[in-house]
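Scope of the values below: all heavy atoms of this structure, side chains included, with no hydrogens, waters or symmetry mates.
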Amino acid sequence: MSPVHKIVAAAFLLTGLLAAPQALMAHGDVQPQPVDTTGLKPIGKAVLKENPYRGDALAIKIGEHGYTQNCARCHGIGAISGGISPDLRKMDPAKEGDEWYIYRSLSGSAKDGRVLMPKFEGIISQEGLWAIRSWLDTLPPPND
Ligand code: HEC
């Protein structure tokens, strides 16, 4: 990372807020990072088909932070997509959308050798990914 990138990243991490969304959007090379899931009940290795944390306040809080760090640059601040990547508020809510959510989040997506979305397997734990889903599930779907 260049010094400028480091400063932007550090400022972003320190505030933990979206004080500078433009700067964030302009720096599309922000590295994916693990999500600290301390306090959440651990999940084993097997990939679950259903979110074990739905409605859990701590999971929702952790998930919002994890989303902001790892997903917002493509899927939009606050999960409001600018149109480049799918709007995750439009996913099937709750159990119906869980299996697809975890599959896509772990595996990412590529087309004709081009990475559309990086795989998060090995970067964000299953706990972290389900926490993000818990937060997404609290958002009302867009009107359009
Ligand atoms: C580099 C940009 C990028 C990042 C970062 C990214 N995504 Fe994606 N994501 C995409 C794109 C592009 C697609 C559409 C892929 C396709 O059409 O095959 C997608 C699709 C998805 C889907 C399927 C949506 C649907 O309606 O079918 C889910 C779920 C998803 N992403 C979750 C996440 C989560 C969770 C994170 C953060 C941990 C994340 N993504 C980070 C670009 C990204």
Side-chain angles (χ1 to χ4, degrees), residues 1-40 42-43 47-144:
M1 272 202 293
S2 73
V4 171
H5 285 77
K6 274 187 185 151
I7 290 164
V8 170
F12 182 65
L13 286 176
L14 277 174
T15 60
L17 294 168
L18 299 165
Q22 302 85 345
L24 180 74
M25 297 316 284
H27 294 78
D29 56 355
V30 175
Q31 289 300 308
Q33 43 195 301
V35 174
D36 181 357
T37 57
T38 306
L40 293 184
I43 302 170
V47 177
L48 304 183
K49 289 181 163 45
E50 192 176 347
N51 186 358
Y53 305 137
R54 194 178 335 280
D56 181 280
L58 178 64
I60 290 167
K61 192 171 161 229
I62 288 172
E64 180 170 15
H65 187 64
Y67 174 91
T68 300
Q69 284 185 308
N70 289 287
C71 323
R73 70 186 170 97
C74 293
H75 289 285
I77 304 289
I80 300 166
S81 170
I84 295 165
S85 301
D87 194 307
L88 298 182
R89 298 171 302 163
K90 290 183 183 166
M91 290 192 73
D92 286 343
K95 194 168 184 281
E96 294 78 68
D98 278 353
E99 208 173 337
W100 172 240
Y101 165 84
I102 199 71
Y103 166 77
R104 179 57 88 211
S105 300
L106 288 169
S107 328
S109 178
K111 207 184 232 162
D112 305 326
R114 219 161 47 89
V115 174
L116 302 176
M117 170 173 154
K119 58 168 77 167
F120 286 94
E121 189 171 13
I123 296 167
I124 302 181
S125 62
Q126 206 188 150
E127 286 85 347
L129 290 172
W130 284 124
I132 291 171
R133 171 75 173 160
S134 301
W135 175 69
L136 288 170
D137 249 359
T138 66
L139 305 175
N143 292 324
D144 55 39

Residues two or more places apart in sequence or in another chain: which of them pass side chain to side chain contact (heavy atoms under 4.5 Å, CB included) with Thr138? Ile60, Trp135

Spacing of Ser105 atom OG and Ile124 atom CD1 [to the nearest 0.5 Å]: 8.0 Å

Which of these, Ile43, Ile62, Thr37, Leu40, sits in a side-chain contact (heavy atoms from CB on, under 4.5 Å) with Trp130? Ile43

Residues which pass side-chain hydrogen bond (donor to acceptor under 3.5 Å, both in side chains) with Glu64, listed by chain and number, not counting sequence neighbours: none

Looking at side-chain heavy atoms only, is the closest gap between Arg133 and Asp98 below 4.5 Å? yes

Rounded to the nearest 0.5 Å, how far does CH2 of Trp100 lie from NZ of Lys49? 14.5 Å

Which atom names give the shortest non-hydrogen contact between Ile123 and Pro32, and what distance separates them? CG2-CB, 3.8 Å

Under 3.5 Å, side chain of Gln69 to main-chain N/O of Val35, donor-acceptor pair present? no

Residue pairs involving residues 117-129 (criterion salt bridge (charged side-chain N to carboxylate O under 4.0 Å, His left out); sequence neighbours excluded): none

N/O donor-acceptor pairs under 3.5 Å from side chains in residues 84-92, not counting sequence neighbours:
unit_1: Ser85; atom_1: OG; unit_2: Cys74; atom_2: O; d: 3.4
unit_1: Asp87; atom_1: OD1; unit_2: Arg89; atom_2: N; d: 3.0
unit_1: Asp87; atom_1: OD1; unit_2: Arg89; atom_2: NE; d: 2.9
unit_1: Asp87; atom_1: OD2; unit_2: Ser81; atom_2: N; d: 3.2
unit_1: Asp87; atom_1: OD2; unit_2: Arg89; atom_2: NE; d: 3.4
unit_1: Asp87; atom_1: OD2; unit_2: Arg89; atom_2: NH2; d: 2.7
unit_1: Arg89; atom_1: NE; unit_2: Ala79; atom_2: O; d: 3.2

Looking at Tyr67 and Gly76, what are the two nearest heavy atoms and their distance? OH-O, 2.6 Å

Can you find a pair of side-chain heavy atoms, one from Leu129 and one from Leu106, that are under 4.5 Å apart? yes

Residues in side chain to side chain contact (heavy atoms under 4.5 Å, CB included) contact with Leu116, at least two apart in sequence or another chain: Ser109, Lys111, Arg114

Just jot down the side-chain hydrogen bond (donor to acceptor under 3.5 Å, both in side chains) partners of Asn51, sequence neighbours excluded, or say none. Ser134

